[in-house]
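Since the structure comes first, as structure tokens, the remarks are kept for the end.
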Number of protein chains: 2
Amino acid sequence: MVRSDARENRARILAAARQAFAEDDDTSMNRIAQLAGVGPGTLYRNYPSREVLILEIYQEEIERLIGTVDELLATATPVEALRRWTLDLVDGMRTKHSLGAALSPDAHQSMAEKSYGPVIAAITRLLDAGKAAGVIRADAEPVDFLQLTGALWRAAPDRSEPMLALILDGLGKNGDVSVSR
Amino acid sequence: MVRSDARENRARILAAARQAFAEDDDTSMNRIAQLAGVGPGTLYRNYPSREVLILEIYQEEIERLIGTVDELLATATPVEALRRWTLDLVDGMRTKHSLGAALSPDAHQSMAEKSYGPVIAAITRLLDAGKAAGVIRADAEPVDFLQLTGALWRAAPDRSEPMLALILDGLGKNGDVSVSR
DNA sequence: ACCTGAACACCGTTCAAGT
DNA sequence: ACCTGAACACCGTTCAAGT
């Protein structure tokens with residue numbers, strides 16, 4: 001059973017971290033503990049590492065993003081749905097910078113399944129819709145697509161749309177491009 | 001005029017840094033100074049920041065890469081030249097990890113002109129060759145391409161070839177794809 | 001003119017001691 | 001059962017003191 005002060009501390013840490021990360025993406029763990037009014041030990045008791053804390057904070061955002069897939073697929077063509085969803089994702093990565101880092105696994109460090117898995121699943125659904133409709137090449141890989149998305153986020157804001165258009169053209173079936181423009 | 005010990009120190013720092021980075025990409029500055037047998041102050045006197053040191057080290061590699069453009073363009077089609085050159089670049093980024101970070105500018109931090117400029121120039125030449133031959137879309141931007149290259153480097157090694165194929169297809173002129181496969 | 005190395009203000013993380 | 005906060009082993013960088 002959870003002590004009430006423990007429950008309160010957890011909430012205060014989340015609130016402090018959310019606000020701190022909104023202002024500065026690489027606020028230190030000690031500073032977050034300080035802002036939350038707890039010792040660093042308490043912070044680490046709740047969130048054993050920096051990455052875990054960040055993923056917890058952006059969990060809602062990720063769930064929101066995943067929740068939009070159905071409606072997009074119902075109201076737009078597969079490629080257009082993919083285009084809109086990706087721009088939404090990149091926008092989220094841009095304003096919540098650490099989210100981008102969390103979703104862009106470097107070559108060898110494995111990613112937390114809790115958010116990476118569902119995001120890959122969402123992308124899979126979007127790509128599959130396009131494959132079923134015959135407008136996206138059958139060998140398109142969701143992980144490759146997410147990886148390329150990381151490049152969009154790192155680029156200057158005004159470059160992400162043209163870069164995405166280029167990627168979408170590359171995803172189109174040969175002789176069957178020009179779907180997305 | 002340069003004192004002889006100063007010249008020696010500079011050489012020893014470079015040698016130590018080169019070896020240290022080859023083993024561990026994020027060796028600390030203090031450790032490099034220690035390996036070179038100099039005080040940290042001397043290290044910083046020669047290379048005022050971490051980034052400057054890294055760029056100095058990989059300058060040769062960058063020059064080598066740039067030097068291959070002419071021959072590639074002379075012996076292969078523009079798209080194939082671009083493909084080979086990019087795989088070479090990504091391979092360099094992978095084995096010299098910090099080089100990749102140095103060439104993948106995050107959204108707002110400007111990059112050292114000394115290496116970023118020439119690399120962009122090399123990509124421009126490769127893209128222009130394809131544009132002149134009518135096999136690469138006229139609006140392809142070198143900076144976008146370099147940015148996407150960063151995603152290849154961050155991906156698992158066996159994914160970079162298929163991802164590059166996808167990008168190259170996206171770069172192809174509409175109705176004129178399948179050039180690179 | 002150049003070097004040394006102690007020092008500064010941090011960092012992420014741990015853990016003995018408390019309540 | 002949970003919290004505190006001093007402490008650890010670092011980090012990049014600076015600068016007074018030396019030669």
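Convention: sequence-line order gives letters A, B, ...; per-chain numbering from 1.
- Comparing C:dT13, C:dC3, D:dT13 against the side chain of B:Arg50 picks out D:dT13 as the nearest.
- Of all nucleotides present, only C:dA16 satisfies the Watson-Crick or G-U wobble test against D:dT4, with each distance under 3.5 Å.
- Between A:Arg31 atom CZ and C:dT13 atom P there is a gap of 18 Å when expressed in whole angstrom units.
- When rounded to the nearest whole Å, the span between CZ of B:Arg45 and P of C:dG5 equals 16 Å.
- Dense packing is recorded around CZ of A:Arg50, with more than 12 heavy atoms of other residues, nucleotides or ligands lying under 6.0 Å away.
- Across the protein-nucleic acid pair, A:Asn30 atom CG and D:dC10 atom C1' stand 13 Å apart, rounded to whole Å.
- One interatomic measurement links the two molecules: CZ of A:Arg7 to P of D:dC2, which rounds to 11 Å at whole-angstrom precision.
- Contact between the side-chain N/O atoms of B:Ser28 and the OP1/OP2 oxygens of D:dG12 is found at a separation under 4.0 Å.
- Residue contacts for A:Asp5: at a heavy-atom cut-off of 4.0 Å it reaches the sugar-phosphate backbone alone, with no base atom in range.
- Rounded to whole angstrom, the span from the CZ atom of A:Arg3 across to the P atom of D:dA1 amounts to 10 Å.
- Annotation: the span from A:Arg83 atom CZ to A:Leu126 atom CG amounts to 13.0 Å, rounded to 0.5 Å.
- For the pair B:Glu8 CD and C:dC3 P, the interatomic distance rounds to 11 Å; values are reported in whole Å.
- Using a 4.0 Å heavy-atom criterion, one finds that A:Asn9 contacts the sugar-phosphate atoms exclusively.
- Base-pair partner of D:dC10: not found among the strands shown (Watson-Crick or G-U wobble, both distances under 3.5 Å).
- Judged by closest nucleotide on DNA chain C, B:Pro40 is the one of A:Thr42 and B:Pro40 placed further toward the 5' end.
- For A:Arg12 and D:dT4, the CZ to C1' distance is 13 Å, given to the nearest whole Å.
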request  = For A:Leu82 and A:Leu72, run side chain to side chain contact (heavy atoms under 4.5 Å, CB included): C-alpha distance rounded to whole Å, both residues' side-chain angles, the deciding distance at 0.1 Å, then the answer.
outcome  = CA-CA 8 Å; A:Leu82 179 61; A:Leu72 281 170; over 6 Å; no

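- Between C:dC3, C:dG12, D:dG12, one nucleotide has an atom nearer to the side chain of A:Met29 than all others, and that is C:dG12.
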request  = Decide salt bridge (Lys or Arg N to Asp or Glu O under 4.0 Å) for A:Arg125 and A:Asp70; before the verdict, give the C-alpha distance in whole Å, the side-chain angles of both, and the deciding distance to 0.1 Å.
outcome  = CA-CA 9 Å; A:Arg125 286 173 58 213; A:Asp70 280 327; 2.3 Å; yes

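- Few gaps surround CZ on B:Arg159; more than 12 heavy atoms of other groups in view lie less than 6.0 Å from it.
- As rounded to whole Å, 14 Å separates atom P of C:dT13 from atom CG of A:Asn46.
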